[in-house]
**Student:** 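Got a structure here, written out as structure tokens. Questions coming.
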Amino acid sequence: WTMLEIEKIWGIDTKADAYWLDGVTTTFWVDCRLAYDQQNNTGLRYLKWQATDIWNPDFYDLNLRDTFEARRRAYQYSMPNGMVYMISPWVGKYGCTMDLSMIPYDVQTCSWVMSAGWPDG
């Protein structure tokens with residue numbers, strides 16, 4: 001399960017038909033290997049992981065034209081039942097042909113496609 005939150009749209013470039021987005025992707029999945037008995041770990045409500053410590057899905061941004069090198073860091077948490085939450089902030093430049101001739105009453109429709117896959121391809 002994945003949830004996408006767009007925080008900001010900026011840097012609209014009408015000559016290049018592009019815009020920048022800031023957003024956060026939150027993904028949930030169950031990994032039974034990470035389940036633990038909460039009663040034996042007094043007060044331990046969740047475990048925090050580095051992205052390289054546990055399996056996580058790869059996301060492919062099919063409309064991405066450019067990205068910032070200084071991406072914000074992703075966080076991963078697992079719950080006693082093995083539910084994993086991955087919170088991934090991102091910034092990207094995307095393509096979209098825009099007609100701004102009716103500003104400020106224009107309406108734009110831009111497609112944005114993201115795909116998920118296994119780390120092996």
**Student:** With sequence neighbours left out, what residues match Y77 under ring pair (Phe, Tyr, Trp, His ring centres under 6.0 Å)?
**Tutor:**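 Applying ring pair (Phe, Tyr, Trp, His ring centres under 6.0 Å) to Y77 gives Y46.
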**Student:** Mind checking whether M86 and P57 have side chains closer than 4.5 Å, heavy atoms only?
**Tutor:**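 A side-chain contact under 4.5 Å exists here.
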**Student:** List the residues meeting side-chain hydrogen bond (donor to acceptor under 3.5 Å, both in side chains) with Q108, not counting sequence neighbours, and say none if there are none.
**Tutor:**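 For Q108, the residues satisfying side-chain hydrogen bond (donor to acceptor under 3.5 Å, both in side chains) (neighbours in sequence not counted) are D106.
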**Student:** First locate atom CD1 of I6, then atom CH2 of W90, and finally report the distance between them rounded to the nearest 0.5 Å.
**Tutor:**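 It comes to 5.5 Å.
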**Student:** Hey, quick one: are M3 and V24 part of the same hydrophobic cluster, counting side-chain heavy atoms closer than 4.5 Å, chains of contacts allowed?
**Tutor:**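 Same cluster.
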**Student:** Please tabulate, for the side chains in residues 91-98, all donor-acceptor contacts under 3.5 angstrom to protein atoms that are two or more places apart in sequence or on a different chain.
**Tutor:**
{"unit_1": "Y94", "atom_1": "OH", "unit_2": "D61", "atom_2": "OD2", "d": "2.5"}
{"unit_1": "Y94", "atom_1": "OH", "unit_2": "W112", "atom_2": "NE1", "d": "3.4"}

**Student:** Residues in side-chain hydrogen bond (donor to acceptor under 3.5 Å, both in side chains) with T52, at least two apart?
**Tutor:**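 If we apply the side-chain hydrogen bond (donor to acceptor under 3.5 Å, both in side chains) test to T52, skipping adjacent residues, there are no hits.
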**Student:** Which value, rounded to the nearest 0.5 Å, describes the distance between I12 atom CD1 and D17 atom CG?
**Tutor:**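 It comes to 11.5 Å.
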**Student:** Got a sec, which residues hit side-chain contact (heavy atoms from CB on, under 4.5 Å) with F28, two or more places apart in sequence or on another chain?
**Tutor:**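 Result, side-chain contact (heavy atoms from CB on, under 4.5 Å) vs F28: W1, T26, M83, Y85.
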**Student:** Closest heavy-atom contact between S88 and A74?
**Tutor:**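 Minimum heavy-atom contact is OG-CB, 3.8 Å.
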**Student:** By salt bridge (Lys or Arg N to Asp or Glu O under 4.0 Å), which residues pair with D31, not counting sequence neighbours?
**Tutor:**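 So D31 forms a salt bridge (Lys or Arg N to Asp or Glu O under 4.0 Å) with R33.
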**Student:** Are any non-hydrogen side-chain atoms of D66 and W20 less than 4.5 angstrom apart?
**Tutor:**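 Contact flag for D66/W20 side chains = yes.
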**Student:** Given side chains that start at C-beta, do those of L47 and L34 come closer than 4.5 Å, heavy atoms only?
**Tutor:**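 No - every pair of side-chain heavy atoms lies 4.5 Å or more apart.
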**Student:** Any heavy-atom pair between the side chains of W49 and Y75 that's under 4.5 Å?
**Tutor:**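 No - every pair of side-chain heavy atoms lies 4.5 Å or more apart.
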**Student:** Taking I9's backbone N and O only, do any of them form a donor-acceptor pair with D22's side chain (distance below 3.5 Å, no angle check)?
**Tutor:**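 It does not hold such a pair.
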**Student:** Any idea which heavy atoms bring S78 and Y36 closest together, and the distance?
**Tutor:**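 The answer is O-OH, 4.1 Å.
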**Student:** How close do A16 and D13 get, heavy atom to heavy atom, and via which atoms?
**Tutor:**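 That closest heavy-atom pairing would be N-OD1, 3.1 Å.
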